[in-house]
Student: 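Please see the structure below; I have some questions.
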There are 2 protein chains.
Amino acid sequence: MADTDPRPLTLRDVSEASGVSEMTVSRVLRNRGDVSEATRAKVLEAAKALGYVPNKIAGALASQRVNLVAVIIPSMRNMVFPEVMAGIASVLEDTELQPVVGITDYMPEKEERVLYEMLSWRPSGVIIAGLEHTEAAKAMMKASGIPVVEIMDIDGTPVDCAVGISHRRAGREMAKAILRAGYQKIGFLGTKMPLDHRARKRFEGFTEALAKSGVEVVDQEFYSGGSALKKGREMTQAILEREPEIDFLYYSNDMIGAGGLLYLMEQGRDIPGEIGLAGFNGVELLQGLPRQLATMDAHRAEIGRKAAQIIAARVENPDADYERIVELTPKIAYGDTLRR
Amino acid sequence: MADTDPRPLTLRDVSEASGVSEMTVSRVLRNRGDVSEATRAKVLEAAKALGYVPNKIAGALASQRVNLVAVIIPSMRNMVFPEVMAGIASVLEDTELQPVVGITDYMPEKEERVLYEMLSWRPSGVIIAGLEHTEAAKAMMKASGIPVVEIMDIDGTPVDCAVGISHRRAGREMAKAILRAGYQKIGFLGTKMPLDHRARKRFEGFTEALAKSGVEVVDQEFYSGGSALKKGREMTQAILEREPEIDFLYYSNDMIGAGGLLYLMEQGRDIPGEIGLAGFNGVELLQGLPRQLATMDAHRAEIGRKAAQIIAARVENPDADYERIVELTPKIAYGDTLRR
DNA sequence: GTGAAAGCGCTAACAA
DNA sequence: TTGTTAGCGCTTTCAC
């Protein structure tokens with residue numbers, strides 16, 4: 001409570017206040033090594049009375065250990081990433097490790113900068129979304145010498161290891177399900193984001209599988225920015241005005257799919273008879289809609305958990321073997337908007 | 001590219017590779033002090049060739065400066081907080097400062113732990129949600145000697161300074177608008193979260209203003225967990241089954257309000273004639289609904305921006321004066337669900 | 001414009 | 001069980 005000096009407290013202050021050496025104070029505060037109950041109590045009391053908060057900067061420098069895991073993701077505005085984060089946090093909570101998040105806004109150069117910033121804090125591991133990075137970023141990750149897990153996508157070659165789903169395959173599977181249900185005039189609606197590689201791969205897998213059956217996407221529509229739900233409405237209206245004969249709409253995410261669904265229901269369209277719909281992600285929001293949109297769960301929480309487990313295991317035991325690619329398989333949820 | 005030694009690179013390596021002293025290398029890498037173009041070029045080349053990433057831990061220890069701002073919020077699952085974050089990030093991007101986020105899950109003890117962890121990295125400032133903290137947490141913030149901005153709420157006494165809205169007043173204003181529109185049988189629906197102090201204060205302000213006009217809430221309903229949209233539906237159905245004469249529903253957030261709106265529209269109820277609705281927050285999602293839910297914008301991005309500006313200004317100039325409480329005033333958006 | 005010395009606050013390693 | 005010594009990798013300060 002002696003708050004005269006603005007200088008932050010150090011171990012030395014606690015040492016002096018308790019009459020115990022700095023080293024032993026340090027041991028008590030870290031629960032390391034054997035310390036008698038008596039001195040332990042003295043130290044803790046002094047530390048508490050002073051309001052001492054250890055300086056991790058100095059600790060990290062001395063011990064060459066930083067219990068941080070850099071998590072680098074494109075955005076927080078998309079519910080996908082908070083869910084991945086939750087998965088990561090749930091696993092790291094049982095370890096010494098702490099996640100630190102960096103946001104890239106889907107921009108490769110920003111990703112490179114953020115990565116550089118984070119690596120300069122010498123974290124114990126990196127979890128980063130996607131497999132596409134600048135050459136410099138890949139080089140940094142390789143050179144860092146720490147475990148790196150690339151998440152959400154496995155269509156490519158990871159720097160170190162990857163956990164995710166195959167978006168190409170996800171697109172193909174959905175295309176097959178749609179064709180199987182007998183839809184023929186298919187429209188696609190998505191984001192205007194050339195840098196969203198996972199959306200791009202889904203689209204590629206989708207058109208590829210359609211092509212195998214001699215089907216081509218009738219029309220497409222893209223958006224950027226704004227309320228996804230609203231954009232979903234607007235795009236749905238627009239594409240159907242241009243191509244009224246469309247009998248299926250594949251949305252690159254559930255949010256715009258939900259907007260489309262609300263719009264078509266208002267129009268009194270027969271879903272999934274006259275027109276079918278499907279999105280992607282399996283977001284919780286869908287549960288509150290009047291009808292269940294067909295979708296595919298991207299295993300977000302599971303990806304986060306698995307990635308965190310890999311990092312934690314390798315921090316524990318750097319020499320153990322580990323899987324290079326962990327593939328999870330999304331399953332189609334037919335809901336009420338895709339005939340079986 | 002000489003990747004034989006797993007030891008991370010140090011300034012010394014760059015110094016040796018470039019034939020320039022460590023000190024001058026450090027100057028170049030930080031753009032500090034005068035360095036001749038020739039040596040600057042040599043250094044940068046060597047650093048790049050080696051793939052050197054500076055060690056901020058050592059830098060921070062030596063310089064006693066850490067360009068991090070601790071941001072402590074309850075959750076990322078609620079779109080409110082990512083929006084605050086976006087506001088903070090937009091301001092800090094133009095400075096040397098970087099936000100680092102900690103999540104409390106609305107738990108005071110977890111908040112205390114997270115705060116302790118973050119302070120142990122000696123950040124340049126703290127932005128923390130709410131005014132309610134454990135005594136220990138308040139003591140830590142006071143003792144830290146760094147600027148602390150408590151955000152989102154101003155009904156209380158900040159440790160240092162606060163930026164936000166008065167939730168009590170927000171509740172009162174909504175109550176007055178509802179009574180003015182002639183509604184009389186009012187129900188309340190919210191989260192089962194005693195620790196969401198802002199929701200609690202809104203409710204208090206709400207009931208207080210109703211009481212002034214001799215009106216009492218007819219019935220209430222609380223939920224926890226699950227899809228808010230779905231819960232909104234279910235709670236709306238439940239409360240109206242119990243109290244069919246209710247003519248207005250006040251929801252503690254827009255998400256459950258949206259669920260209620262979708263449900264009532266399906267039931268073919270006359271909104272806002274027969275029954276009115278209002279939520280809170282002004283979330284973007286609402287724009288995609290068939291009708292606009294009445295709500296109140298909580299100025300999330302603005303709060304984030306303002307808080308970041310205060311931190312940045314005080315890091316620049318620690319001795320300047322500053323406002324202790326910055327109050328923003330939310331305005332009612334009547335939408336289509338509240339008569340004027 | 002450049003370099004040498006000292007030390008930031010802590011912990012590893014060793015000694016007692 | 002406790003203490004001492006020597007750095008961790010960088011920046012500050014001061015000298016050249």
Side-chain angles (χ1 to χ4, degrees), chain A residues 5-44 46-47 50-67 96 117 119-124 144-145, chain B residues 5-44 46-47 50-67 96 117 119-124 144-145:
Chain A
D5 194 340
R7 171 184 59 83
L9 296 160
T10 68
L11 259 191
R12 166 173 230 107
D13 296 304
V14 182
S15 167
E16 283 170 4
S18 62
V20 177
S21 79
E22 285 188 42
M23 195 54 233
T24 301
V25 171
S26 168
R27 287 194 182 99
V28 172
L29 264 23
R30 285 176 301 143
N31 287 312
R32 282 266 191 305
D34 294 315
V35 180
S36 75
E37 250 327 304
T39 53
R40 149 176 248 86
K42 263 197 295 191
V43 169
L44 289 176
L50 293 172
Y52 172 67
V53 177
N55 185 330
K56 285 218 176 166
I57 310 241
L61 184 61
S63 66
Q64 305 280 64
R65 250 195 306 276
V66 179
N67 293 326
E96 298 272 72
E117 282 295 326
L119 287 181
S120 73
W121 287 101
R122 301 286 188 266
S124 294
S144 70
Chain B
D5 194 339
R7 172 183 58 83
L9 296 161
T10 69
L11 259 192
R12 165 173 231 106
D13 295 305
V14 182
S15 167
E16 283 171 3
S18 62
V20 177
S21 78
E22 285 188 41
M23 196 52 236
T24 300
V25 171
S26 168
R27 285 195 183 97
V28 171
L29 265 23
R30 284 176 301 142
N31 288 312
R32 282 263 192 306
D34 294 315
V35 180
S36 74
E37 252 325 308
T39 52
R40 150 176 247 85
K42 262 196 296 189
V43 168
L44 288 177
L50 292 172
Y52 172 68
V53 176
N55 185 330
K56 285 218 176 167
I57 311 244
L61 184 61
S63 66
Q64 305 281 68
R65 252 194 305 277
V66 179
N67 294 326
E96 299 272 71
E117 283 293 327
L119 288 181
S120 72
W121 287 102
R122 300 287 188 267
S124 294
S144 70

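Hydrogens, waters and symmetry mates play no part in the numbers below; they use all other heavy atoms, side chains included. In the text below, chain A, chain B and the rest are named by the order of the sequence lines, each starting its count at 1.
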Student: Let me know the distance between CD of B:Glu16 and P of D:dC10, rounded to the nearest Å.
Tutor: 13 Å
Student: In whole Å, what is the span from the CZ atom of A:Arg32 to the C1' atom of D:dT1?
Tutor: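 Result: 17 Å.
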Student: Starting at the 5' end of DNA chain C, which residue's closest nucleotide do you reach first, B:Gly19 or B:Arg122?
Tutor: B:Gly19
Student: So does A:Asn55 get a backbone contact from the side chain of B:Ser120, meaning a donor-acceptor N/O pair under 3.5 Å?
Tutor: no
Student: For A:Arg30 and C:dA12, is the shortest distance between a side-chain N/O and OP1 or OP2 below 4.0 Å?
Tutor: yes
Student: Below 4.0 angstrom from OP1 or OP2 of D:dC10, is there any side-chain N or O of B:Arg65?
Tutor: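 Checking D:dC10 against B:Arg65, no side-chain N or O comes under 4.0 Å of OP1 or OP2.
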Student: With the criterion being N/O to N/O and under 3.5 Å, what pairs connect the protein with nucleotides 4-8 of chain D, and how long is each?
Tutor:
residue: D:dC8; atom: O3'; partner: A:Gln64; partner atom: NE2; Å: 3.0
residue: D:dC8; atom: O2; partner: A:Leu61; partner atom: O; Å: 3.4
residue: D:dC8; atom: O2; partner: A:Ala62; partner atom: N; Å: 3.1

Student: Let me see the working for B:Val53 and B:Leu9 under side-chain contact (heavy atoms from CB on, under 4.5 Å), right down to the final yes or no.
Tutor: CA-CA 7 Å; B:Val53 176; B:Leu9 296 161; over 6 Å; no
Student: Could you tell me the separation between the CG atom of A:Leu11 and the P atom of C:dC8, rounded to a whole number of Å?
Tutor: 13 Å
Student: State whether A:Tyr52 places a side-chain N or O below 4.0 Å from either non-bridging phosphate oxygen (OP1 or OP2) of C:dC10.
Tutor: yes
Student: Could you pick out which residue, B:Lys56 or A:Asp34, lies toward the 5' side of DNA chain D when each is mapped onto its nearest nucleotide?
Tutor: A:Asp34
Student: Less than 4.5 Å apart, side chain to side chain, heavy atoms only: is that true for B:Val14 and B:Val20?
Tutor: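 B:Val14 does not reach B:Val20 side chain to side chain.
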Student: Rounded to whole Å, how long is the line connecting atom CG of A:Leu29 with atom P of C:dG9?
Tutor: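 So the CG-P distance, A:Leu29 to C:dG9, works out to 16 Å.
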Student: Donor-acceptor pair, distance only, cut-off 3.5 Å: does the side chain of B:Ser18 make one with the backbone of B:Ala46?
Tutor: no
Student: Taking CZ from A:Arg12 and P from C:dG7, how many angstroms apart are they, rounded to a whole number?
Tutor: 12 Å
Student: Hey, does B:Arg65 have a side-chain heavy atom less than 4.5 Å from the side chain of B:Arg122?
Tutor: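 B:Arg122 vs B:Arg65: side chains apart.
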Student: Report yes if a side-chain nitrogen or oxygen of B:Ser26 is closer than 4.0 Å to either non-bridging phosphate oxygen (OP1 or OP2) of D:dC10; otherwise report no.
Tutor: no
Student: Do the side chain of A:Ser15 and the main chain of A:Leu11 share a donor and acceptor less than 3.5 angstrom apart?
Tutor: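 Looks like no, no N/O pair under 3.5 Å.
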Student: Would you kindly give the CG-to-P distance between A:Asn31 and C:dT11, to the nearest whole Å?
Tutor: 12 Å
Student: Hey, could you give me each pair passing salt bridge (Lys or Arg N to Asp or Glu O under 4.0 Å) that has a residue in residues 18-43 of chain B? Not counting sequence neighbours.
Tutor: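 Residue pairs passing salt bridge (Lys or Arg N to Asp or Glu O under 4.0 Å), neighbours aside: B:Arg12-B:Glu22.
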